[in-house]
There are 2 protein chains.
Amino acid sequence: MADRNAANLMGRGESLLFLTDDQLRRGIEAMFFAYRGFTADPDRILQDYGYGRAHHRAIHFINRAPGTTVNNLLSILGVTKQSLNRVLRTLVEDGLVDSRVGTRDKRERHLFLTPKGAALERDLSEAQRNRMRDAYRAAGPEAVAGFRAVLEQMMDPDMRRHYVDGGDGQR
Amino acid sequence: MADRNAANLMGRGESLLFLTDDQLRRGIEAMFFAYRGFTADPDRILQDYGYGRAHHRAIHFINRAPGTTVNNLLSILGVTKQSLNRVLRTLVEDGLVDSRVGTRDKRERHLFLTPKGAALERDLSEAQRNRMRDAYRAAGPEAVAGFRAVLEQMMDPDMRRHYVDGGDGQR
DNA sequence: AGTTTATGTCAGCCTTGTTGACTTTCCAAG
DNA sequence: CTTGGAAAGTCAACAAGGCTGACATAAACT
């Protein structure tokens, strides 16, 4: 606690990186402010439908891995099944998600977006992609690799696997 | 909508960046998973105190700019005063935050961390800094610059000012 | 057949966001 | 010196989306 401005020499032979507390604080605040920007556009769209971020997340990952089970979704989203169920139920009721009983294991439900659900997904992801693309463009190509590298390190190790492979369908 | 895998040539003469929908999707998911990791450690600590993320955010920005007013905090946090007030009230009641009536303008309240509040702040920010430092180290120095550059672009423009300058105290 | 495990559902609670209505305190302009 | 408006705070009601606990059903394993 005495030497709060300790410098750090990186072992990669590339350059000197000063990880002062103030540098780290800026990184922390950058995450906070950027995440707000990141979710702002979808949030606006969702409001028109009476949905929230939880619905967006469910729709996103069902779209990425059609036919995924509820349990798989749970492990990705990191919420309780009760919490997810509430969101899923409204999406099924509103005809955005199709929930089909598993053939191999009838305990499971396989989830799919209906055409209506896929339409909303496109709206949401297009807005988010546009924001991401603009940020990438303004920051430049080298920045993108660094961005992804740091974020990947910031994840909990368990989550990294959901991130790297595209997420299984119904195997 | 026909050409979903459109390639993008960056105008910087540096390199070719392929911003496919899949590349952008990975960036989006990286943000989602990384933000969870980013908040996981503080969330655990806060639970012991019966506080939530809203308390953390208030404590963080009061620490960064001691003597800041409620209104300034509102513009940084982007919530309603009723929402912030509830959080602030519990922090004052619990003796973590000191709310002093302004001398120049007695309508304003200037906010400070008490020693007890500063202690919790250190706990929280130390955990978060450790996570950030580890991620930086593993990703390497070049990555850090890119990380910060992309995040800065992802913020809403209004927020960038709170990010760049350290945040005013009582001017 | 009976127990255990996996999965999904229902009910109720908490935090933290929202809006709306209102009061108090104060500064500053007419 | 009065009045208009900004800053701060309060109360009430509500919604989203976390949580835990209790429970139902299907499948799997003795």
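Just so we're on the same page: letters track the sequence lines, and every chain starts at 1.
The shortest non-hydrogen separation linking A:Arg131 to A:Ala40 is NH2-CB, 3.9 Å. Heavy-atom minimum distance, B:Gly117 versus B:Ile59: O-CG2, 4.4 Å. Counting all heavy atoms, side chain and backbone alike, B:Thr68 lies closest to B:Asn72 at OG1-ND2, 2.7 Å.
Of the two residues contacting DNA chain D, namely B:Asn71 and A:Gly50, the nearest-nucleotide position lying further toward the 5' end is that of B:Asn71. Both A:Val87 and A:Gly102 lie close to DNA chain D; mapped to their nearest nucleotides by heavy-atom distance, the more 5′-ward contact belongs to A:Val87.
B:Arg53 comes within 4.0 angstrom of the backbone, heavy atoms only, and of no base. Base contact: B:Arg86 has a heavy atom under 4.0 Å from a base atom.
With sequence neighbours excluded, the residues that form a side-chain hydrogen bond (donor to acceptor under 3.5 Å, both in side chains) with A:Asp43 are A:Arg53. In this view, B:Ala119 and B:Arg122 satisfy the side-chain contact (heavy atoms from CB on, under 4.5 Å) rule, not counting sequence neighbours.
No hydrogens or angles considered: a donor-acceptor pair under 3.5 Å links the side chains of B:Asp94 and B:Tyr51.
Within the structure, the ring pair (Phe, Tyr, Trp, His ring centres under 6.0 Å) test picks out the following pairs touching residues 59-96 of chain A (sequence neighbours left out): A:Phe61-B:Phe32, A:Phe61-B:Phe33.
Remark: A:Arg44 engages A:Asp41 in a salt bridge, criterion side-chain N to carboxylate O under 4.0 Å. By the 4.0 Å N-to-carboxylate-O rule, B:Lys116 lies too far from B:Asp98 to be salt-bridged with it.
Taking only side-chain nitrogens and oxygens, A:Asn85 never comes nearer than 4.0 Å to OP1 or OP2 of C:dG8. In this model, the phosphate group of C:dG17 is not approached by any side-chain N or O of B:Thr80 to a distance below 4.0 Å at OP1 or OP2.
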Expected rows: protein N/O vs nucleotides 26-30 of chain C N/O, under 3.5 Å:
from   : atom 1 : to       : atom 2 : distance (Å)
C:dC27 : OP1    : B:Arg104 : O      : 3.4

Just the table, please: protein N/O against nucleotides 20-23 of chain C N/O, every pair under 3.5 Å.
from   : atom 1 : to      : atom 2 : distance (Å)
C:dG20 : O6     : B:Gln82 : NE2    : 3.0

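For DNA chain D, the contact window with chain B, defined by any atom under 4.0 Å from a protein heavy atom, covers D:dG5 to D:dC11 in 5' to 3' order.
Residues B:His162 and B:Met159 form a side-chain contact, since some pair of their non-hydrogen atoms from C-beta on lies under 4.5 Å apart. Between A:Arg148 and B:Gln23 there is a side-chain heavy-atom pair separated by less than 4.5 Å.
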